[in-house]
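Below: one structure, written as structure tokens.
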Amino acid sequence: MVGKFERNKDTVQELTESAANHVGKIAVIIAGAVRDVTREIGDWVSDGIEMREAAKKAREDSPVGKVINGEFENR
């Protein structure tokens with residue numbers, strides 16, 4: 001026969017184990033979410049850098065002069 005003290009000890013032990021298990025699962029979920037958000041932000045910044053570099057190359061490839069009266073002039 002189990003006494004009152006041991007029953008209470010078992011209840012507290014089960015409750016503590018259950019809480020630790022759930023807190024661990026929640027921590028894994030949060031860590032995964034932080035990892036995924038960080039990855040998306042990094043990819044977004046990389047896209048911005050690539051677009052900026054492409055715009056710079058496009059500016060460098062554009063003609064410098066203007067066509068005035070059918071003649072190409074560098075000014």
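Every value quoted in this text rests on a predicted model; they were computed, and no experiment measured them. Heads up: numbering here begins at 1 and tracks the sequence.
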- Query: What residues join Val34 in its hydrophobic cluster, counting side-chain heavy atom gaps under 4.5 Å, either direct or through other members?
  - Reply: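 Cluster partners of Val34: Ile26, Ile30.
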- Of all pairs that satisfy side-chain hydrogen bond (donor to acceptor under 3.5 Å, both in side chains), the ones with a partner from residues 32-51, not counting sequence neighbours: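 Sorted result for residues 32-51: empty, none.
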Could you work out, with side chain to side chain contact (heavy atoms under 4.5 Å, CB included) as the rule, every residue matching [X], not counting sequence neighbours?
{"X": "Lys56", "value": "Arg59, Glu60"}
{"X": "Lys57", "value": "none"}
{"X": "Val2", "value": "Glu6, Arg7"}

- Query: Which residues pass the side-chain hydrogen bond (donor to acceptor under 3.5 Å, both in side chains) test with Gln13, sequence neighbours left out?
  - Reply: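 In terms of side-chain hydrogen bond (donor to acceptor under 3.5 Å, both in side chains), with neighbours along the sequence ignored, Gln13 is linked to Lys9, Glu17.
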